[in-house]
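Right, one structure below, let's go through it.
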Amino acid sequence: MKILKGAMVVDETTTIASDIKICGEKIVEIGKDLDTSGCEVIDVSGCYIIPGGIDAHTHFDLDTGTTKTADDFESGTKAAIAGGTTTILDFATQSKGKSLKEGLKEWHLKANNKAYCDYGFHMAITDWNDSVCNEMDEMINEGVTSFKLYMAYKGSLQVDDSVIYKALQKSKSIGAIIGFHCENGNIICELVDKYLKKNKTSPKYHAITRPSIVEAEATRRLMAIAEVTNARVYVVHLSCKESLEEVLKAKCRGVDVIVETCPQYLLLDNKKYDLEGFEGAKYVMSPPLRTKEDNDVLWRALAENKIDSVATDHCSFNYKNQKELGINDFSKIPNGSPGVEHRVGLLYTYGVCTNKISINKMVEILCTNPAKIFGLYPQKGTIKVGSDADLVVLNPNKSKFIKADNQVQNVDYTPYEDYKLECEIEKVYLRGQKVSSKGEITCSNANGKYLKRASN
Ligand code: URP
Ligand code: ZN
Ligand code: ZN
């Protein structure tokens, strides 16, 4: 048994000076001055203890067809635990012409014996038919209780409105939830053609061909289909004011919608696309970075309970040789950026320390809500007797600078180079075992477990 002693324990509603007793993988007691007999005592005074973070949106070991993500399950989950995230949910993806079962098997092989944190899968459906519809039940039995549909990426991942309608009818009937990438892929395709024909090939045209209105239109369309089917929907990586407005209007009509945003849409803006040379490619992601005003709107929405979770959409490609695939054509730059390692530190520093959100709100959006939304609560996402001892000791008296040179994620840049973090992730426990200390991995084995999740 061990006791973490002397910290301020933070959950989604309270911040209380307490000790936490851990037996095996579980939290067994929380309170002041716990009896320490027979326990290893770990002094963490001056620190906060928060629940292990849950990043509900990662892409590890993803083959895009032209290249493969820089992070696989080993480096991606090591980066996660170094930064205070003890659970990730990655997107298993159905290949065209294949079944969901085959997609799931492929992702289990990618993660098995490689994951340093606990993990689950959403299933991205790219090729709808009756048998895939039936397979959604089987996925639930396998613990995959959430799915994803893309309204963008024409010709590869994109599905049309009738697929969205049918999939939502099904998800409603089986208590699953579907996440949506909301951008109008058809219009994006036209805009990309238009600019490439004019020989406009630099990274900034990625953003110009994916304006906010194109995201807002898809969001509005999704809200309509959700209203018709009466199904719960989850909007992934919402990036702008216009999309948020569509969500809020739909909520007023009674649509059951949950919203995710990402650190990049809170902290970075479209000025990055004006950087010298090909630097803007580092920020080529979909949706693209928006304006400073959008950043502010999203922060306020978090504080006002209008956005429910913050995930990273970690999808890393090296600048050298990978982003460079699009040096002569922005549409060939692999989409995505790294972030899993820095989500907790960034939200603490730029959200809590600047009084944009409380520390309890931070826990809610990084830990508790993702657990509740995706069927992991109260095993994960909170600090309660009986919950997994996934605990993060956050020291607010230390600081550090984010640098590509000192990161764990296996990629040659970070979008947050030289950002100061006003904390250190001092210790991380995964089911009672210390797995990282001051950003260094302290466990030698990949002990992450696959999480079979519950449906609603
Ligand atoms: O640019 C991004 N977001 N890449 C990852 C795939 C996705 O759209 O989520
Ligand atoms: Zn997406
Ligand atoms: Zn994504």
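The basis for the numbers below is simple: all heavy atoms, side chains too, and nothing from hydrogens, waters or symmetry mates. If you read the sequence from its start, that first residue is 1, and numbering goes on from there. Numbering of ligands and ligand atoms starts at 1, following listing order.
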Candidate list His314, His237, His181, His122, test ring pair (Phe, Tyr, Trp, His ring centres under 6.0 Å), partner His57, passing option: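 With His57 as partner, ring pair (Phe, Tyr, Trp, His ring centres under 6.0 Å) holds for just one option, His237.
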
Between His206 and Tyr283, ring centroids under 6.0 Å: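 No: the rings miss the under 6.0 Å criterion.
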
His181 N/O/S atom closer than 2.8 Å to the Zn ion (ligand 3):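 Under 2.8 Å: His181 has no N, O or S contact with the Zn ion (ligand 3).
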
Atom of His57 nearest the Zn ion (ligand 3) (restricted to N/O/S, atom name only):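 Minimum-distance N/O/S atom of His57 relative to the Zn ion (ligand 3) is NE2.
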
Asp313, N/O/S atom nearest the Zn ion (ligand 3):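 Nearest N/O/S atom of Asp313: OD1.
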
Salt-bridge contact Glu304-Lys306 (side-chain N to carboxylate O under 4.0 Å):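 Salt bridge flag = yes for Lys306 with Glu304.
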
Presence of salt bridge, Lys403 and Asp418, under 4.0 angstrom: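 Looking at Lys403 together with Asp418, the answer is yes, because their closest N to O distance falls below 4.0 Å.
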
In terms of atom number and element, which parts of ligand 1 are under 4.0 angstrom from non-hydrogen atoms of [X]?
X	result
Met285	1 (O)
Cys315	5 (C)
His59	5 (C), 6 (C), 7 (C), 9 (O)

Just need the protein heavy atom nearest to [atom], so name the residue and atom and give the distance.
atom	value
atom 8 (O) of ligand 1	Tyr153 OH, 2.7 Å
atom 4 (N) of ligand 1	Asn335 O, 3.2 Å
atom 1 (O) of ligand 1	Ser286 N, 2.8 Å

Full working for side-chain hydrogen bond (donor to acceptor under 3.5 Å, both in side chains) between Ser239 and Arg290: CA-CA 7 Å; Ser239 73; Arg290 306 298 189 189; 2.9 Å; yes

Minimal non-hydrogen separation, Thr442 against Ser436, with atom names: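 In this case the closest contact between Thr442 and Ser436 is OG1-N, 3.2 Å.
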
Polar contact flag for Asp313 and ligand 1 (N/O pairs, less than 3.5 Å):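 Checking ligand 1 against Asp313, an N or O pair does fall under 3.5 Å apart.
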
Phe60 and Phe73 aromatic ring geometry - parallel, tilted or perpendicular at 30°/60° bounds: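 Ring orientation of Phe73 relative to Phe60: perpendicular.
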
